[in-house]
Amino acid sequence: MQYENILVETHGRVGLVRLNRPKALNALNDQLMDELGAALRLFDQDEAIGCIVLTGNEKAFAAGADIGAMANYSYMDVFKGEYITRNWEHLRRVRKPVIAAVAGYALGGGCELAMMCDFIIAADNAKFGQPEIKLGTMPGAGGTQRLPRAVSKAKAMDLCLTARMMDAVEAERSGLVSRVVPAEKLMDEAMNAANTIASMSLPTVMMIKESINRAYETTLSEGVQYERRLFHGTFATEDQKEGMKAFLEKRLPSFRNL
Ligand code: CO8
């Protein structure tokens with residue numbers, strides 16, 4: 001597939017997707033979201049890829065859904081799912097880890113897209129916000145659900161109701177992002193994290209992602225039980241045998257993703 005709104009690269013076992021509508025601060029239109037879904041699906045299916053990084057540019061991760069494109073949609077246009085909604089769920093279905101590397105604006109749908117990733121590494125110039133209320137609408141891709149889980153109800157209410165932006169320091173302090181680094185180090189940091197993950201056993205990586213995500217969907221005792229079953233499952237993998245043998249033999253493991 002030829003992409004017009006994203007750039008796709010492979011670096012060893014890491015798949016990199018750059019949102020690429022710089023003149024519109026990477027505003028997310030349907031075509032971009034279709035392309036992103038296709039690229040993520042291909043990386044997810046590719047045995048040679050162990051981790052994915054999603055990023056924008058120095059000025060914007062994404063400043064939200066494309067306001068010009070959606071301004072005149074009717075209720076039926078969006079309700080039937082023909083526009084906006086149909087292609088926002090692809091990221092959730094990716095089973096390999098996806099790291100968001102965020103510099104500049106991550107607003108509205110851009111903030112929601114970053115939150116759909118497994119974790120966010122932020123540049124020190126990152127700004128997060130859900131300013132939809134200023135447009136007479138509201139978050140529609142999980143902002144009112146993922147933000148309170150990430151940063152507390154109080155801060156989510158504050159951000160969604162006042163439309164104010166949160167800088168990288170506040171975002172890290174409140175738990176939205178896992179690390180903040182100087183802007184010029186962002187991609188090195190994200191790619192290093194992705195390479196580290198991609199060097200692990202892929203089945204184990206996928207089980208850990210699945211298990212942590214389960215924490216958001218169920219009770220503690222159900223979640224612990226789910227985790228226990230997956231933990232037992234790792235003993236059926238060759239990589240568990242190799243990992244523990246390598247430790248005992250004081251050498252690095254050589255995982256075969258089996
Ligand atoms: N959509 C379309 N175009 C945009 C967007 C956007 N979200 N954001 C910026 N742009 C465009 C501007 O129109 C401008 O284009 P042009 O040069 O042709 O005039 C260009 O990008 C540069 O923007 P600015 O000149 O405004 O740059 P500034 O540095 O002055 O300001 C801001 C940067 C503060 C980020 C400002 O652009 C802004 O406020 N943008 C809008 C932010 C916003 O409101 N985002 C939320 C959008 S609604 C949404 O995301 C709902 C998601 C629901 C998803 C549901 C899925 C199921």
Side-chain angles (χ1 to χ4, degrees), residues 4-7 17-41 54-94 98 100-117 120 122-151 155-168 170-171 176-177 183 186:
E4 288 175 22
N5 300 280
I6 59 172
L7 300 171
V17 181
R18 294 178 197 272
L19 306 174
N20 189 36
R21 296 187 69 209
K23 287 188 186 142
L25 300 182
N26 292 333
L28 305 164
N29 61 16
D30 276 324
Q31 197 187 349
L32 184 152
M33 294 307 290
D34 283 340
E35 292 178 9
L36 177 60
L40 291 172
R41 202 163 43 246
L54 177 60
T55 194
N57 55 48
E58 325 66 59
K59 186 147 190 230
F61 177 75
D66 191 317
I67 299 167
M70 69 183 160
N72 292 318
Y73 285 159
S74 69
Y75 173 78
M76 277 305 162
D77 287 334
V78 292
F79 176 74
K80 285 182 184 163
E82 192 145 334
Y83 305 102
I84 311 185
T85 30
R86 75 184 148 82
N87 44 23
W88 279 75
E89 296 301 314
H90 298 307
L91 185 46
R92 269 168 31 119
R93 287 194 278 271
V94 175
V98 184
V102 175
Y105 297 112
L107 302 177
C111 185
E112 293 173 304
L113 190 66
M115 288 193 289
M116 280 182 214
C117 296
I120 302 173
D124 53 9
N125 72 343
K127 287 193 188 323
F128 299 87
Q130 299 287 162
E132 289 91 339
I133 195 166
K134 285 205 288 188
L135 303 169
T137 185
M138 62 180 283
T144 63
Q145 304 305 303
R146 291 195 181 89
L147 201 55
R149 283 166 165 84
V151 304
K155 212 171 266 291
M157 285 282 188
D158 179 358
L159 291 165
C160 292
L161 293 175
T162 69
R164 81 171 172 88
M165 292 185 212
M166 174 163 75
D167 67 17
E170 185 181 359
L176 181 64
V177 313
L186 176 67

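Atoms within a ligand are numbered from 1 in the order they appear, just like the ligands themselves. What you see is a predicted model, and the numbers here were worked out from it, not measured in a lab.
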* **Closest contact, heavy atoms only, G109 versus E132** =>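 Minimum heavy-atom separation between G109 and E132: N-OE2, 3.8 Å.
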* **Flag side-chain contact, heavy atom, 4.5 Å: R21 against D66** =>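 In contact.
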Could you pull out the N/O contacts under 3.5 angstrom between ligand 1 and the surrounding protein atoms?
residue: ligand 1; atom: 1 (N); partner: A65; partner atom: O; Å: 3.4
residue: ligand 1; atom: 1 (N); partner: I67; partner atom: N; Å: 2.9
residue: ligand 1; atom: 7 (N); partner: A63; partner atom: O; Å: 3.0
residue: ligand 1; atom: 7 (N); partner: A65; partner atom: O; Å: 3.0
residue: ligand 1; atom: 21 (O); partner: K23; partner atom: O; Å: 3.4
residue: ligand 1; atom: 29 (O); partner: K59; partner atom: NZ; Å: 3.4
residue: ligand 1; atom: 45 (N); partner: A63; partner atom: O; Å: 2.9
residue: ligand 1; atom: 50 (O); partner: A65; partner atom: N; Å: 2.8
residue: ligand 1; atom: 50 (O); partner: G109; partner atom: N; Å: 2.7

* **Partner residues of D77 under the salt bridge (charged side-chain N to carboxylate O under 4.0 Å, His left out) criterion, sequence neighbours left out** =>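 Partners of D77 under the salt bridge (charged side-chain N to carboxylate O under 4.0 Å, His left out) test: none.
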* Asked: Judged by atom type as modelled, is there a donor-acceptor pair below 3.5 Å linking the side chain of Q130 to the main-chain atoms of C111?
  ->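 No; judged by distance alone, with no hydrogens or angles, the pair does not exist.
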* Where the side chain of N26 meets the backbone of A60, is there a donor-acceptor pair that is under 3.5 Å apart? ->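 Indeed, once roles are kept as given, a pair shorter than 3.5 Å links the two residues.
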* With L19, the side-chain contact (heavy atoms from CB on, under 4.5 Å) member among L113, N5, N57 ->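 Checked L113, N5, N57 against L19; only one passes side-chain contact (heavy atoms from CB on, under 4.5 Å): L113.
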